[in-house]
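Chain A is the first sequence line, chain B the second, and so forth, proteins listed ahead of strands; every chain is numbered from 1. Heavy-atom basis, side chains included; hydrogens, waters and symmetry copies ignored.
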Number of protein chains: 2
Amino acid sequence: ADMPAKAKTCVGCHGVDGNSVVPNFPKLAGQHAQYLEKALKDFRDGFRKDATMQAFAKNLSDKEIKELADYYASQKAK
Amino acid sequence: ADMPAKAKTCVGCHGVDGNSVVPNFPKLAGQHAQYLEKALKDFRDGFRKDATMQAFAKNLSDKEIKELADYYASQKAK
C-alpha cells in the first residue's frame, strides 16, 4: 500500500516505514492491520490513553484509520 | 534471550516466537523491549485496559516483565 497523506504525522515517532528507532515508540511495520486499526480507534475514541496518540487520532476517519493500518501492516519489519 | 517460564502463557495468543498469526493479537517479535515492558506494566497496573492482558499481567514481577519484554524483543519479526 502506498503512504497515505495522514502518515506524515506518524513518521516523526514511528519512522517512515514504521520501523521506529526510538525504543518507547512501538514499531508498526508488519504489525497486524486489524490490531493497528483497533489501537487507532481506541485512541481516537478514548478507550486507550496516551496524550500524544489521542491528539493525533482525534480527527481520523474510519477510512483514514484503515489506510494507515494497512500501510504500516504492509511495511517490512526490520 | 531464551524463553522465560512465564512466556508459556503468552504463546497461545502471541505465538511461540511472538509472530502471532491471529490478526487481533499483536505481533511481539522484534518489538522494542522498552515498549513491551511499558505495555505489560500498564496492563498490570491498570493503566491500560484489556481483560485478558490484565488478568495475565496481574501477578508478574518487574523482573519477569523485563525478561518477557527482552525475550520477545530478541525474536525475529516475520
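Side-chain contact between A/Arg48 and B/Arg48 is present, with at least one heavy-atom pair separated by less than 4.5 Å.
B/Met3 and B/Ile65 fall into different hydrophobic clusters, defined by Ile, Leu, Val, Met, Phe, Trp and Tyr side-chain heavy atoms under 4.5 Å apart, directly or through other members. Following chains of ILVMFWY side-chain contacts shorter than 4.5 Å, one can reach B/Phe43 starting from B/Leu60, so the two form part of one hydrophobic cluster. Hydrophobic cluster membership differs between B/Met53 and B/Leu28, with clusters built from Ile, Leu, Val, Met, Phe, Trp and Tyr side chains linked at under 4.5 angstrom. Taking hydrophobic clusters as Ile, Leu, Val, Met, Phe, Trp and Tyr residues chained together by side-chain heavy-atom distances below 4.5 Å, B/Val22 does not share a cluster with A/Tyr35. Follow the hydrophobic side-chain contacts under 4.5 Å out from B/Val11 and you never reach B/Phe56; the two are in separate clusters.
Residue A/Lys38: no heavy atom, backbone or side chain, is found under 4.5 Å from chain B.
When each of B/Gly30, B/Ala39, B/Ala77, B/Ala73 is scored by its heavy-atom pairs under 4.5 Å with chain A, the top score falls to B/Gly30.
Closest of all the heavy-atom pairs between B/Lys27 and A/Gln31 is N-OE1, 2.7 Å. Across every non-hydrogen atom of B/Gln34 and A/Asn24, the tightest pair is NE2-CB, 3.7 Å.
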